[in-house]
Amino acid sequence: MQVQEWISVFNEKWYLMLIFILVTVGIYFSIRTGFVQLTAIGETFRILGGKDERKSAREDKRNKGVSSFQALMISTASRVGTGNMAGVAIAISVGGPGAVFWMWLIAVIGAASAFIESTLAQIYKVRDGKSFRGGPAYYMEKALNARWLGIIFAILIMVSFGFVFNSVHANTAGVVFQEMFNLEPYVMGIILAVLVLFTIFGGVNRIAVVSTYVVPVMALVYIGMAIVVMIMNIDQIPAMFSMIFKSAFGFEEALGGGMGAAVMNGVKRGLFSNEAGMGSAPNAAATATVSHPVKQGLIQSFGVFIDTLLVCSATAFIILLSGVHSSGEADGILMTQHALASQIGGWASYFVGFAIFLFAFTSLIGNYYYGQSNIEFITKKPGWLLAYRLGVVGMVLFGSVAKITLVWDLADMFMGFMAFINLIVIMILGKFAIKALQDYQRQRKEGKEPEFYADFIPELKHAECWERPTERS
């Protein structure tokens, strides 16, 4: 218990410093890029149309990486998890309605960092057969000549996402189904383990296909339920937004104790939900086949908004419009279940349970891929990848039945270290992403469909996937 208490205290202080760095880096890149996360939303939707990328893929038969949209869905599978339902509820119960505002703000600021890290992942990606892989470990090695730092990062992300966070997701699903159907948690663990096993042994392409079909449907249905609740309570919406803003700035007392609790819990929820700047989503961004690195940077930046401004907000609106946050009768996922059930009937609890199952499953496979990409960075020996896959499945089974509070605290600490390393590195390398953005904007102004080659940035080295065709071996 003493160890757990020490870790909890350390995490609280560590989060304060990490939040300061994240906000500072996010503001810096927002200014340097001209707030590209907001000004380029129209361009992002144009890219997501996919016509130009499909044409590019047909013209270059060597590139069989997943599409821009599929890469976005892999990262969204990891981002949009059980925390979007349980975590938001906890943030509101502890920090009050004002936590929602700070959750939004950190998403807008952090999206600039997400653009930089994902653009860098594209620039420094490597070939993986007919596909691609990459991420922070790769640009640490190729751009900084610091393979040792890349290995440290790879271990941190593998442990945090591949093992620990997957245990937490399986545990949440097990708890929910035990309460709803009196189903033994290990049964849910076996079901999830089998589904994960089938998916991950199909490689990144199968993960991409599953994510492409499951994630959009899952998110749209959940957001649709929130819209129904908003329509039912349309007269209360102005009061809800007023409550959010007043609580955010301490004009009203929040349940958890004023502005400080609102800021801390809102920022923490936004940070650990959308993962902007954490170094996780770039692993998915690197898999995409695009004609210019900036295209995937823009798309992954938009992914932050999908997670926080849409899915997390859906949970927040359901809870706040129902009023259950002020009753103190439930917390976490139970608060979300009670809130939705109070609005549209008891069957909503089963809907939430089903949503938790899908959120958990897609998070498991998204998290798994982050670990796989980094295992392949450390070693090419297939035995290690097999061991990692079996380890992931084993942690799903373990997590479904374990009491993992200590493990969760350790994961938060590891993830904090991971974010710290990545943020320092992207501050050093961000100039290349900014120059790539300037090149992209120049080509768009000239009416061109942007294409990128490494020699567009004279000082850019080791961008092997962006060499001109005549230079490729």
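Just the heavy atoms: all of them, side chains too, but no hydrogens, waters or symmetry mates, feed the values below. Start at 1 with the first residue, then count along the sequence.
The aromatic rings of Phe101 and Trp104 sit perpendicular, their planes meeting at an angle over 60°, well past the 30° parallel limit.
Remark: Arg32 CZ is loosely packed, at most 12 non-hydrogen atoms of other residues, nucleotides or ligands lying under 6.0 Å away. With a 6.0 Å radius and a threshold of 12 heavy atoms from other residues, nucleotides or ligands, Phe354 has its CZ atom at or below the threshold.
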Verdict with reasoning, Tyr370 to Ser160, per side-chain hydrogen bond (donor to acceptor under 3.5 Å, both in side chains): CA-CA 10 Å; Tyr370 291 165; Ser160 296; over 6 Å; no
Test salt bridge (charged side-chain N to carboxylate O under 4.0 Å, His left out) on Lys295 and Glu451; report intermediate values, then the result. CA-CA 10 Å; Lys295 290 186 174 183; Glu451 292 188 323; over 6 Å; no
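At distances below 3.5 Å, at least one donor-acceptor pair connects side-chain atoms of Asn283 with backbone N or O atoms of Ser280. Counting only distance, with no hydrogens or angles, the side chain of Ser301 and the backbone of Ala114 share no donor-acceptor pair below 3.5 Å. With Arg147 contributing its side chain and Ile378 its backbone, the two residues share a donor-acceptor pair below 3.5 Å. The backbone N or O of Gly399 sits less than 3.5 Å from a side-chain atom of Asn171, completing a donor-acceptor pair. Looking only at distances, a side-chain donor or acceptor of Gln37 sits under 3.5 Å from a matching main-chain atom of Val108. No donor-acceptor pair closer than 3.5 Å links the side chain of Ser373 to the backbone N or O of Ala284.
Of the candidates Lys448, Gln443, Arg444, Glu446 forms a side-chain hydrogen bond (donor to acceptor under 3.5 Å, both in side chains) with just one, namely Lys448. Partner His292 forms a ring pair (Phe, Tyr, Trp, His ring centres under 6.0 Å) with one of Tyr440, Tyr453, Phe456 and no other, that one being Tyr440.
Note that CZ of Phe305 is 9.0 Å distant from OG1 of Thr44, once rounded to the nearest 0.5 Å.
Side-chain atoms of Phe361 and Thr199, non-hydrogen and from C-beta on, do get closer than 4.5 Å to each other. The shortest side-chain heavy-atom distance between Glu117 and Asn422 falls under the 4.5 Å cut-off. Side-chain contact between Val304 and Asp307 is absent, with no heavy atoms from C-beta onward closer than 4.5 Å. When side chains are defined from C-beta on, Gln372 does not count as touching Ile200, because their heavy atoms never get closer than 4.5 Å. Between Met140 and Trp148 there is no side-chain heavy-atom pair separated by less than 4.5 Å. At a threshold of 4.5 Å between non-hydrogen side-chain atoms, the residues Leu120 and Tyr124 count as touching.
When all heavy atoms of Pro282 and Gly279 are compared, the closest pair comes out as CD-C, 3.5 Å.
Applying the ring pair (Phe, Tyr, Trp, His ring centres under 6.0 Å) criterion to Tyr388, with sequence neighbours excluded, gives Phe163, Tyr368.
Judged as a salt bridge (Lys or Arg N to Asp or Glu O under 4.0 Å), the pairs with a partner in residues 355-382 (not counting sequence neighbours) are, in order, Arg133-Glu376.
Cation-pi check for Lys125 over Phe132 is met; the charged atom lies under 6.0 angstrom from the ring centroid and within 45 degrees of its normal.
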